[in-house]
**Q** 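So that we are looking at the same thing, I have put the structure below in structure tokens.
Values below: every heavy atom of this structure, side chains too, minus hydrogens, waters and symmetry copies.
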Amino acid sequence: MRIDLNSDIGESFGRYQIDDEGIMPHISSANIACGFHAGDPFTMYETVKLAKKYNISIGAHPSFPDLLGFGRREMNFTEDEVYQLVLYQIGALYSVCKAHKMDLHHVKPHGALYNMAAKNSKLALAITKAIKTFDSSLILYGLSNSKLIEAAIEMNIPYASEVFADRTYQEDGLLVDRSLPLSVHMSTKEAVEQAIQMITTNTVTTISGKIITLDADTICLHSDSVIGAELATELRKSFHQHQIDVKTVGE
């Protein structure tokens with residue numbers, strides 16, 4: 001068995017700093033913020049440099065322009081505007097990758113943009129259109145069994161079905177909203193157990209106790225979580241015990 005282990009990083013901004021180096025050695029793919037929900041030109045530059053140091057695949061992590069809300073608030077943009085927002089952010093990170101002689105590997109939408117597109121076909125198609133316009137070889141990282149995956153198939157671009165170690169699931173396969181109780185696993189043990197279940201059985205136990213099926217090509221852990229660094233370490237230990245190789249999508 002194999003899995004890509006990705007993390008949303010480069011989310012420092014100005015004097016607000018997150019230590020990404022603690023999590024970087026454990027992952028295979030990095031989704032780097034492009035300045036709209038977090039990150040800035042200096043953080044982007046240093047994060048790409050860090051990813052190069054650890055030989056990690058780099059993805060753009062575009063979002064709504066919402067620094068105050070960390071990109072987690074729903075915003076009302078047209079499909080054309082979402083297309084342009086995503087295209088702009090991919091280009092920004094691509095330029096930094098080029099400066100470091102690194103390839104851009106994938107695109108993973110962030111926060112509210114990701115969650116809205118997971119259930120809204122028009123937004124999902126706007127995102128995939130931006131990816132295809134920029135570079136049709138870029139891989140879309142999208143929520144397993146969601147409209148994002150359907151849009152990637154329709155637009156004929158490569159995709160990876162994403163699951164989450166540290167988030168809980170609803171019966172429809174969507175993530176439990178962060179505004180609700182128990183939306184995030186605060187226990188490393190629970191998050192690791194969920195990750196192993198998803199990878200080895202292609203199922204997840206929802207917050208209501210129902211077991212649903214999903215595809216798992218890449219699994220996400222959040223670097224800004226209180227258990228982020230610890231979870232990264234424990235996941236790698238558990239993957240080794242279960243003979244699960246960690247490799248970048250497409251490798």
**Q** Roughly how far apart are Asp66 CG and His37 NE2, rounded to 0.5 Å?
**A**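 So the gap between those two atoms works out to 10.0 Å.
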
**Q** Once you round to the nearest 0.5 Å, how far does CG of Asp40 lie from OG of Ser12?
**A** 8.0 Å

**Q** Using a strict cut-off of less than 4.0 Å between a Lys/Arg side-chain nitrogen and an Asp/Glu carboxylate oxygen, indicate whether Lys53 and Glu21 qualify as a salt bridge.
**A**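 A salt bridge links Lys53 with Glu21.
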
**Q** Once the angle between the rings of His110 and His61 is folded into 0 to 90°, is it parallel (under 30°), tilted (30 to 60°) or perpendicular (over 60°)?
**A**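 The arrangement is perpendicular - the two ring planes meet at more than 60°.
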
**Q** Judged by modelled atom types alone, do Thr188 and Glu234 share a side-chain donor-acceptor pair under 3.5 Å?
**A** no

**Q** Working to the nearest 0.5 angstrom, can you tell me the gap between Ile23 CD1 and Asp8 CG?
**A** 9.5 Å

**Q** Checking the side chain of Lys132 only, and the main-chain atoms of Met155 only, is there a donor and an acceptor separated by less than 3.5 Å?
**A** yes

**Q** Check whether the side chains of Asp177 and Ser179 place a donor and an acceptor atom closer than 3.5 Å, and report yes or no.
**A**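 Looking only at side-chain atoms, Ser179 and Asp177 do form a donor-acceptor pair, the distance falling under 3.5 Å.
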
**Q** Is it the case that the side chains of Ser28 and Asp4 hold a donor-acceptor pair, with the cut-off being a distance below 3.5 Å and no angle test?
**A**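 Checked: Asp4/Ser28 side chains pair up, N/O donor to acceptor below 3.5 Å.
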
**Q** Using atom types as modelled and distance alone, determine if a side-chain donor or acceptor of Ser7 lies under 3.5 Å from a backbone N or O of Leu221.
**A**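 Present.
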
**Q** Transitively linked via ILVMFWY side-chain contacts under 4.5 Å: Tyr114 with Ile131?
**A** yes

**Q** Examine distances only and state if a side-chain atom of Lys247 and a backbone atom of Arg2 form a donor-acceptor pair shorter than 3.5 Å.
**A**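 No, Lys247 side chain to Arg2 backbone: no donor-acceptor pair under 3.5 Å.
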
**Q** Have a look at His106 and tell me which of Ser29, Ser137, Pro158 forms a side-chain contact (heavy atoms from CB on, under 4.5 Å) with it.
**A** Ser29

**Q** Verify, without hydrogens or angle tests, whether Tyr169 (side chain) and Phe164 (backbone) share a donor-acceptor contact under 3.5 angstrom.
**A**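 Confirmed, Tyr169 side chain pairs with Phe164 backbone.
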
**Q** With no hydrogens and no angle check, do the side chains of Gln194 and Thr205 hold a donor and an acceptor under 3.5 Å apart?
**A**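 Side-chain D/A pair, Gln194 to Thr205: absent.
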
**Q** Would you call the rings of Phe64 and Phe77 parallel, tilted or perpendicular if under 30° counts as parallel and over 60° as perpendicular?
**A** parallel

**Q** Check the hydrophobic clustering (I, L, V, M, F, W, Y; side-chain heavy atoms under 4.5 Å; chains of links allowed) and say if Val176 and Val204 are grouped together.
**A**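 Different clusters.
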
